[in-house]
Asker: 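So that we are looking at the same thing, I have put the structure below in structure tokens.
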Amino acid sequence: MRPAATLPRVPGPRRTTPGHRGDLVALAVEAVLLVAAVAAGLVLNRRGAGLHADAAPLYATWRPHAGWGTPLAVLVAVVVLGPGLRWARTARWGTLLAAGWLAAVAWTLSLALVDGWSAGLTRRLTPQAEYLHEVPGVADIPRMLAGFTDRILDFQPDSWSTHTAGHPPGALLVFVWLDRIGLGGGTAAALCCVLVGATAAVSVPVTLRALGAADAARAVLPFLVLLPGAVWLGASGDAVFTGVVAAGLALLAVRGTVAALAGGLLLGFALHLSYGFVLVGVLALAVLALRRDRRRAAPLAATAGVAAVTTLFVLAGFRWWEGYDRVVERYYQGWAAERPYAYWVWANLAALLLSAGPVLGPALRRAALAARAARGSPDSAPGGLPGGPVPGRQDVGLGGAVRLGRRWVARVVALGPTVLLPAAAGLAVAAADLSGMSKAEVERIWLPFVVWLLVAAAHLPPPARRWWLAAQALTALAVNHLLFTVS
């Protein structure tokens, strides 16, 4: 018998590939930003600079503690990191979504219970600044809507409390409706916030799958379950806002005019939950552009849904644009007049990192690399950027400009949802940050955009995902145990 030929030894991959080194550099940049924001916050607070955030860049107080939610949170993290991560790759789709929602609920509740049932849930939404403070005074909903704008400014006998005044009336209506159906009080309201907020772990994967990125949907779902921002989802009104926005965008993504209309109705209501959700329009346009069904009926139906909700509010006496004008004035009647823009314009990004988790920088870096690689690709394969003729003289004039615009739109859309959706969310966050209308507390305010930024995690190499997911869980546990967060 002839001896078997000796095969040449193929060297295995290095532990730290150039791609991994880049991820570690991104992580180091995040660490520097966070340390700088904390250090500057400590100095500015000692000087009485008016940050109005004891644990800047977070709106929280330093209070190391543990609770009976601690072992529950660790258990949820271990299950997701172990069998959950493997199972997510092969489970049946419907079962996976149900399990993902339940796991997100368990994660959010366990983090809330680190502070205890009362402080973490029951009393979280009952302070004077919260919506529940105003619910008993709303005996007549039409009358409340008609006079809502007149009560936005501060220093009046009937001024709305801080959170109610800072949002359109839809936010207050959510808790009024809960009260009307027998779910009044702090406990029921907090649990509803948790249950609705956790639906983002379903809506975002549904959107990705509907847009042709089924594998990415499975990859991203565990990152949505172990979201560090769950510290603020349980419980705050922003959890409801996150769930409504994500569901509206998911309905825009799935096929069918009726679904698009429903998505438009939800996004129209979202516009009346927070003035900042005018920026959700960037994400909505991205979803509509990425839809497989390119018929014009879907965008028209979605627009009709937004218009219908806005019309109903106008007929009831509330005009969004008038409310926004008053809110800008109210904003500077309070702490915003003292909070220094020069600090918060960059420290907000450190707060965003703690809400989105350390995976954010490496994930966005990987998505940017994917976009750059696609730009150099001559093919029009999924996720690639189609090549095309270089614009010439034939593109001069209005018709040429239209053709050129369509060509560039096609090139952008060809980047795919795992690049375009995080880019749209990043654009919305940048606009909110630079506006100066989001000075502090963005760790919860920007949650509706955070869940879309994390779509970029689909670009992480599969072997590294468990380590990044563990870092996400550790971030949430550290924040929740070192600080007492305020909604």
Side-chain angles (χ1 to χ4, degrees), residues 44 48-53 56-57 59 127-135 137-138 141-176 236-238 240-241 268-281 306 309-345 347-348 351 428-446 448-449 486-487:
L44 291 172
L51 296 185
H52 297 288
Y59 185 53
Q128 187 273 339
E130 288 284 353
Y131 307 103
L132 290 185
H133 175 77
E134 302 289 358
V135 169
V138 182
I141 291 178
R143 184 177 178 183
M144 180 272 288
L145 291 172
F148 189 88
T149 303
D150 294 332
R151 298 175 61 181
I152 291 176
L153 295 183
D154 207 354
F155 310 119
Q156 303 178 91
D158 60 348
S159 295
W160 293 118
S161 57
T162 303
H163 283 195
T164 301
H167 295 78
L172 176 59
L173 274 176
V174 168
F175 296 97
V176 170
S236 71
D238 296 273
V240 174
F241 305 165
F269 185 66
L271 193 60
H272 291 79
L273 291 173
S274 171
Y275 295 103
F277 287 163
V278 67
L279 296 172
V280 172
V306 174
V309 175
T310 303
T311 300
L312 287 176
F313 273 97
V314 169
L315 292 176
F318 175 78
R319 296 171 178 81
W320 187 95
W321 50 94
E322 292 178 355
Y324 178 75
D325 186 60
R326 296 287 180 88
V327 159
V328 173
E329 188 174 348
R330 169 69 183 254
Y331 186 64
Y332 288 101
Q333 287 181 316
W335 288 345
E338 298 179 33
R339 282 173 165 163
Y341 179 84
Y343 171 75
W344 288 109
V345 73
N348 278 345
V429 165
D433 190 33
L434 295 173
S435 73
M437 294 295 291
S438 295
K439 291 189 286 188
E441 305 178 54
V442 299
E443 58 270 14
R444 61 172 178 80
I445 295 172
W446 289 350
F449 302 108
V486 183
S487 61

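Quick note: numbers below take in every heavy atom, side chains included, and nothing from hydrogens, waters or symmetry partners.
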Asker: Under the 3.5 angstrom rule, does the side chain of Ser159 hit a backbone N or O of Leu153 as a donor-acceptor pair?
Answerer: yes

Asker: Does the side chain of Val278 come within less than 4.5 Å of Tyr324's, by heavy atoms?
Answerer: no

Asker: Quick check against the 3.5 Å criterion: does Lys439 have a side-chain atom that pairs as donor or acceptor with the backbone of Trp344?
Answerer: no

Asker: Is any side-chain heavy atom of Val314 less than 4.5 Å from a side-chain heavy atom of Thr311?
Answerer: no

Asker: Do the rings of Phe175 and Tyr131 sit parallel, tilted or perpendicular, given the 30° and 60° boundaries?
Answerer: parallel

Asker: Quick one: pull up OG1 in Thr162 and CH2 in Trp335 and give me the separation to the nearest 0.5 Å.
Answerer: 8.0 Å

Asker: Taking the side chain from Asn348 and the backbone from Ser438, do they hold a donor-acceptor pair closer than 3.5 Å?
Answerer: yes

Asker: When you compare the side chain of Glu441 with that of Val486, does any pair of heavy atoms fall below 4.5 Å?
Answerer: no

Asker: Looking at Asp150 and Gln156, what are the two nearest heavy atoms and their distance?
Answerer: O-NE2, 3.3 Å

Asker: Starting from the C-alpha separation in whole Å, work towards a yes-or-no answer on side-chain contact (heavy atoms from CB on, under 4.5 Å) for Asp325 and Thr149.
Answerer: CA-CA 10 Å; Asp325 186 60; Thr149 303; over 6 Å; no

Asker: With a 4.5 Å heavy-atom cut-off, do Phe449 and Val280 have their side chains touching?
Answerer: yes

Asker: Does Gln128 reach the main-chain N or O of Ser161 with its side chain, forming a donor-acceptor pair under 3.5 Å?
Answerer: no

Asker: How close do Val309 and His272 get, heavy atom to heavy atom, and via which atoms?
Answerer: CG1-ND1, 4.2 Å

Asker: I want to check something: taking the side chain as every heavy atom from C-beta on, are Phe277 and Phe269 in contact at a cut-off of under 4.5 Å?
Answerer: no

Asker: Return the minimal non-hydrogen interatomic distance between Arg330 and Ile152, and the atom names on each side.
Answerer: NH1-O, 2.7 Å

Asker: Hey, what do you get for CZ (Arg444) to CG (Asp238), rounding to the nearest 0.5 Å?
Answerer: 4.5 Å

Asker: Are the side chains of His133 and Thr164 in contact, using a 4.5 Å heavy-atom criterion?
Answerer: no

Asker: Within the structure provided, determine whether Val138 and Leu172 are in side-chain contact (heavy-atom separation under 4.5 Å).
Answerer: yes

Asker: Between Leu173 and Phe148, does a side-chain contact (heavy atoms from CB on, under 4.5 Å) hold up when you go through it step by step?
Answerer: CA-CA 11 Å; Leu173 274 176; Phe148 189 88; over 6 Å; no

Asker: Is the side chain of Tyr341 donor-acceptor paired with the backbone N or O of Leu434 at a distance under 3.5 Å, no angle test?
Answerer: yes

Asker: Give the intermediate values and the outcome of side-chain contact (heavy atoms from CB on, under 4.5 Å) for residues Tyr332 and Met437.
Answerer: CA-CA 9 Å; Tyr332 288 101; Met437 294 295 291; 4.3 Å; yes

Asker: So how far is it from His52 NE2 to Arg339 CZ, rounded to the nearest 0.5 Å?
Answerer: 7.0 Å

Asker: Is the backbone of Trp160 close enough, under 3.5 Å, to the side chain of Glu134 for a donor and an acceptor to pair up by distance?
Answerer: no

Asker: Compare every heavy atom of Gly50 with every heavy atom of Pro340, then report the nearest pair and how far apart it is.
Answerer: CD-O, 4.1 Å

Asker: With His167, which of Tyr275, Tyr331, Phe241 fulfils ring pair (Phe, Tyr, Trp, His ring centres under 6.0 Å)?
Answerer: Phe241

Asker: Heavy atoms only: give me the nearest Ala351-Pro57 pair and the separation to one decimal.
Answerer: CB-O, 3.6 Å

Asker: Identify the heavy atoms of Leu271 and Trp320 that sit nearest to each other, and give their distance.
Answerer: O-NE1, 2.9 Å

Asker: Any non-hydrogen side-chain atom of Val429 less than 4.5 Å from a side-chain atom of Val442?
Answerer: no

